[in-house]
Structures are given as C-alpha cells and as structure tokens.
Q: 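Let me begin by handing over the structure; questions about it come next.
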Amino acid sequence: MTDRSNTDPQRMEKIVSLCKRRGFIFQSAELYGGLNGCWDYGPLGAELKKNLKDYWWRKNVRERDDIEGIDGSILTHREVLTASGHIGGFSDPMCDDLLTKARLRADQIEPQDGVVYSYTGAGYPDTEWSVERPYSVLIKPEENQNENNARKIAKQYYGQFLKDKELSPKKISLAGESTEEVKGTTSFNPATGSLVTEPREFNLMFKTQMGASSSEDDPNAVAYLRPETAQTIFVNFKNVLETSRQKLPFGVAQIGKAFRNEINPRNFTFRSREFEQMEIEYFCAPEDGMRLTDEWLEKRLDFYEEIGIPREKLHILDVPDGERAFYSKKTYDIEYEFPFGIQELEGVAYRTDYDLGKHGDHSGKAMDYFDEEKRERFVPHVVEPSAGCDRTVLALICEAYDEEVLTDDKGKEDSRTVLRFTPKMAPIKAAILPLLKKSEDQTRIAKEIQKSLQPFINVFYDESGAVGRRYRRQDEAGTPFCLTVDFDTLGESGDELKNTVTIRHRDSMEQERVAIDDLLVWLLKKIQ
RNA sequence: GCGGGUGUAGCUCAGUGGUAGAGCGCGACCUUGCCAAGGUCGAUGUCGACGGUUCGAAUCCGUUCACCCGCUCCA
C-alpha cells in the first residue's frame with residue numbers, strides 16, 4: 001500500500017469497535033453525547049500508552065547521558081507564544097465563496113479590477129417567495145464578461161434559497177441592481193466572481209483566564225493552553241543548561257499534553273483537540289544541525305521498529321522547499337500506513353536558531369552559549385524530533401490488529417481476532433489461568449503466582465469458563481502469554497512437572513512448560 | 001465551515017405511526033483434563049439530545065450533539 005489514497009475504512013471500523021469493546025479507547029463524555037475531538041483511554045489503552053511513554057523516556061532520557069527530561073506547565077504565558085509567533089502570525093484568515101461554498105485563504109486572493117454588480121435581493125414571479133439579502137458579483141470586462149454573466153450568477157446564488165425545487169432559478173427576478181467600478185478588490189472569488197464572506201480568523205489556540213477573579217476582558221489575565229510542548233523547552237533552555245551542567249550538544253525531552261482547536265478533528269484519535277506529544281529539542285552548534293537531523297531520523301526509525309512498527313510500513317517525507325516552515329532548513333515527516341491513509345506520526349525538523357533567537361530577542365535575555373574549547377559565543381541551533389504519542393498508540397493498535405482463520409481437527413473454520421503487540425508494549429503481559437476453577441489447589445497456586453508477579457509487571461487473573469475461551473479473550477487484549485496452572489502443576493504426572501505451568505504463546509498458540517520459580521525472569525526477558 | 005451518510009443493549013444490526021428485538025458478548029450456576037460459540041437462569045436500553053405534529057413517535061418534521069466519507073484546514 002504505497003498509494004496515499006489507498007484506504008480500508010472497514011478495517012478501521014473494526015479497530016474502533018474493538019477499542020471500545022475491550023476498553024482501549026472511549027469517546028470523551030460519551031454519556032452526554034460526546035465531546036468533539038476528545039477521547040479517553042480505558043484500562044487497556046492507558047496501560048498501552050503508558051508502556052509507550054515509559055519506553056520512549058527510557059530510550060531518550062534514562063539511557064542517554066546527553067538528554068535531560070522536563071515536565072512543563074500546560075498553562076502558558078502569552079509572551080511565550082507572542083515570541084514564538086503563535087499569537088499573531090499563524091492564524092489564517094479564511095473566507096467562503098457564497099455561491100460554491102469553496103473555502104479560500106483570504107490572504108491568497110489576488111487583487112482584482114472590474115465592475116461590481118450588486119443586488120439587494122430577489123423574488124419569483126407569480127409566487128409569494130422573495131428574499132432580501134445583499135449580494136454582489138465581480139465582472140471583468142477584459143474577459144468578455146457582461147451584465148448577463150452577473151445576473152446569471154446572482155440568480156444561481158438566490159436560487160439556493162428557493163424551497164420549492166420545481167422552480168427554476170433562471171426565472172428569478174433580481175432586485176435593486178447597481179454597478180460600481182472597483183480596483184484591487186479581494187472580496188470576490190477569482191474563479192467564480194462570486195462575493196466571499198468576510199475573512200474570519202481561525203485561531204487554533206485555546207485561550208483561558210488566569211486568576212479566579214480575573215475579568216473576562218482583562219488582557220493581562222489571558223493565558224493559553226500550550227499548542228505544542230516545544231515552547232516550554234525553549235523557555236527553559238537556560239535553566240536546564242545551568243542546573244544540569246550539560247555542554248553542547250545536548251537535548252531536553254518532554255512528554256506532555258498540547259491543545260489545538262482543530263477545525264476538523266478526524267480519523268478517530270488521529271487528529272484530536274487534546275493530544276500528547278513526545279518531544280526532544282536537541283541543541284547543537286550551527287555546523288552540526290544538518291548532520292544531526294539525519295542521525296535523529298535514523299534513531300527514530302529504529303525506535304518505531306523496536307516497538308513493533310516495521311520499517312516497511314513507514315514512509316519518510318523529505319519536506320520540500322516552500323512547504324517547510326520558513327525557519328526550517330530541513331524537515332522529515334515520518335509517516336505510517338494507517339487504514340485511513342498514509343499519515344504523519346512524527347516530524348524531525350532542523351529549526352536552526354530560530355526559537356532561541358526569538359525568545360532571546362523578545363525577553364531581552366541572552367540565549368547564547370559559550371563554547372569554551374572553541375572560544376566561541378553563539379545562539380544554539382536545534383533539531384526537533386517531535387512524535388505524536390496518541391498517534392503512535394493508534395499506529396500500534398492498527399499494526400497489531402489481525403484476524404486469523406483457523407481450521408480445527410474436524411476441518412471446521414473459525415476466526416480469531418488477535419492484537420499482536422510486541423510484548424514490551426502489550427497492556428497485559430501475562431494472564432494467569434487455573435485450568436479448572438473448581439480445583440482449589442489450582443486457583444490457590446494461580447493466585448499466588450499473580451501476587452508474586454504483580455509488583456513487576458501487569459498481569460491478569462481469570463478463572464471463568466473454558467480455558468480456550470479465556471485464551472481467545474486474551475488474544476483480543478493482545479496479551480502475549482497465558483500461564484495455565486493445571487494438574488501437572490499439582491504433581492499428578494510426577495515430580496518432573498510439579499510446580500511448572502504451561503505458557504501459551506499468543507501468536508503461535510504453541511505451549512511450553514516453565515517452572516513457577518523461573519516465571520518472573522522468563523517474562524522480564526521477553527518484555528525487556 | 002460546506003456537502004453526503006450514520007446514530008436502537010457492551011459490540012454488530014433488525015424494527016418505517018400502535019407493548020423494545022436478534023446474534024454475539026457480559027454475569028451466576030452446571031458441564032468442561034489446553035484453544036471461542038454444551039446446558040439452565042439473568043441483566044441489559046431515557047431508541048444520541050431537545051422541541052414540534054399526533055389520541056399515540058425509535059419511526060414524521062425542526063433544531064442540536066457526535067461519529068464516518070468527500071472538500072477545506074492542519075503554525
């Protein structure tokens with residue numbers, strides 16, 4: 001599936017359904033009809049997400065001497081976002097063509113000259129119907145357009161309001177026609193000549209008021225929910241540098257929530273209004289930026305491989321000139337083949353010294369770094385691997401989802417739904433099952449095993465129904481191992497098998513025997 | 001934001017103006033010596049929400065919320 005438009009909505013629907021059925025992901029405030037673009041993680045989803053975050057933190061913070069972690073506040077000072085350019089520069093003015101409803105970037109409409117034909121409303125002969133609503137059309141005489149074009153378009157526009165579909169818009173009578181010559185107008189869609197709506201600002205940041213008694217119109221009380229975790233890192237650059245005694249190159253990592261008022265949340269949790277990021281800002285000397293960007297790309301690809309997302313399902317988009325943010329010299333998007341299309345999981349961007357430079361200028365506090373060896377002073381450059389945590393969780397689920405057709409001894413077909421998580425990501429590492437519930441010895445031993453493993457890994461005890469059914473239930477939860485306490489465990493087949501259990505493997509459904517005393521080490525090895 | 005579709009049990013869905021349904025799942029008990037669907041019993045729910053029409057609305061109308069698809073957008 002390398003075609004971007006290749007999608008599988010049915011597969012996605014099954015995944016969404018499984019997520020709810022098994023308690024991975026629920027819609028937020030479902031009880032009250034749902035909250036647009038917000039999702040809640042259930043018991044299994046919370047474990048899965050935590051495993052991902054823990055592993056990311058372990059690989060990028062704990063196991064590296066050159067990266068420090070922080071956990072910044074979500075509420076953000078407005079000056080931080082003024083300096084970063086989020087307030088002011090980045091909200092796009094949008095307007096809609098009143099006739100075709102096409103959405104246009106207001107700042108991208110070329111100024112046009114021509115004659116504006118304006119109307120105050122319209123009516124329909126021999127009926128009660130009429131509408132009073134101003135509307136205009138731009139006519140360009142040099143394109144051989146005339147008043148007939150204007151009237152035709154206006155009739156189509158007013159025709160939208162006709163309730164009776166039998167009536168032809170062509171017979172509409174226009175009211176109050178007037179004309180005016182204009183130069184350099186941007187109020188009309190160049191493609192149709194139709195009037196567009198007034199430009200509206202789409203500011204995608206969540207605004208709030210600081211202080212319990214602050215007045216709603218007090219500009220000094222305005223704060224924002226951060227639209228990205230990155231800015232918290234930039235504004236703490238000096239603090240971390242001084243307290244950690246790091247030297248360039250070094251990075252600051254953070255996992256945390258960010259908020260964007262997405263115009264159109266879509267594709268399950270993929271585009272949410274509240275989401276979690278896993279970001280590193282890796283500070284370096286200017287001459288190392290390009291090389292480190294490539295190195296980080298490789299490291300991040302390795303990471304995805306380790307959590308069970310194969311390299312061949314990932315696509316690297318080398319974002320071309322003109323499509324990158326203006327301050328970025330190089331950006332790679334790491335994309336995954338979701339069932340709804342190829343979509344971005346992570347961006348690895350070389351942001352130059354833009355961010356620290358901006359905060360230096362805006363705050364008036366120097367952000368430069370003195371390299372003692374080279375006796376040089378400069379503003380550090382930064383490489384940013386910025387991963388979407390919820391998107392990666394979704395990718396893990398999509399990648400793990402599998403339906404398998406099994407044929408039993410009698411040739412009867414049967415299908416099995418399995419989430420093939422890699423063991424270190426699996427929400428439940430092992431299920432502990434007494435073969436028979438009515439065997440008191442089996443349930444007692446199984447519960448003892450549960451108690452002994454619980455402090456170290458997430459395990460699940462289940463004694464209900466036939467063991468085969470319990471195995472299948474764990475397959476849908478993605479549990480890689482089932483530990484079954486049986487009659488051999490009790491010593492019925494002799495001392496050799498006494499105090500051992502059956503370990504049933506999720507993917508192959510094969511079994512092996514392991515001594516109870518060895519279980520913890522056996523499992524820890526498998527889940528790293 | 002526009003256009004199209006959908007919304008009934010945990011899940012998948014039937015029910016088109018007259019007492020709220022099925023399969024699976026779930027819980028209890030029985031059965032079960034290693035791969036789901038054996039037996040008995042049981043709970044499922046403001047039919048997305050609000051308003052209207054009607055003697056009567058899951059069903060018709062309006063509004064709204066949410067999800068899906070296509071545009072659009074995504075610093």
Q: Calculate the interatomic distance between A:Lys437 atom NZ and B:C29 atom C1'; express it in whole Å.
A: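 Atom NZ in A:Lys437 sits about 8 Å away from atom C1' in B:C29.
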Q: Whole Å only: how far is the CG atom of A:Leu436 from the C1' atom of B:C35?
A: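 In whole Å, B:C35 C1' lies 14 Å from A:Leu436 CG.
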Q: Write down the distance between CZ (A:Arg470) and P (B:C34), rounded to a whole number of angstrom.
A: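 Taking CZ of A:Arg470 and P of B:C34, I get 12 Å after rounding.
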Q: Name the nucleic acid region contacted by A:Arg266, choosing base, sugar-phosphate or nothing; use a 4.0 angstrom heavy-atom cut-off, strictly under.
A: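 Base: the residue A:Arg266, judged by heavy atoms under 4.0 Å, touches a nucleobase.
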Q: For A:Arg504 and for A:Arg22, locate the closest nucleotide of RNA chain B by heavy-atom distance; then report the residue assigned to the nucleotide nearer the 5' terminus.
A: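 Upstream on the strand: A:Arg22.
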Q: Quote, to the nearest angstrom, the C1' distance that separates B:A43 from B:C29.
A: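 Per the computed distance, 15 Å lies between those C1' atoms.
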Q: Nearest to the side chain of A:Gln27, which nucleotide is it out of B:C26, B:U32, B:A66?
A: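 Of all the options, the side chain of A:Gln27 is nearest to B:A66.
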Q: Taking atom C1' of B:C34 as reference, at what distance in whole Å does atom CD of A:Gln511 sit?
A: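 Nearest whole value for this atom pair: 5 Å.
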Q: Rounded to the nearest angstrom, tell me the gap between atom CD1 in A:Ile15 and atom P in B:C11.
A: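 In whole Å, B:C11 P and A:Ile15 CD1 are 17 Å from each other.
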Q: Once you apply the 3.5 Å cut-off to both distances, tell me the Watson-Crick or G-U wobble partner of B:U12, or none.
A: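 Partner of B:U12: B:A22.
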Q: Select from A:Tyr32 and A:Arg513 the residue whose nearest nucleotide in RNA chain B is closer to the 5' end of that strand.
A: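 Its nearest nucleotide lies further toward 5', so the answer is A:Arg513.
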Q: Figure out the CD/C1' separation between A:Gln10 and B:U12, and round it to whole Å.
A: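 Atom CD in A:Gln10 sits about 13 Å away from atom C1' in B:U12.
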Q: Just to be sure I understand the rule, does A:Asp475 reach a base, reach only the sugar-phosphate, or reach nothing, if contact means heavy atoms closer than 4.0 Å?
A: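 The answer is nothing, as A:Asp475 stays clear of every strand by at least 4.0 Å.
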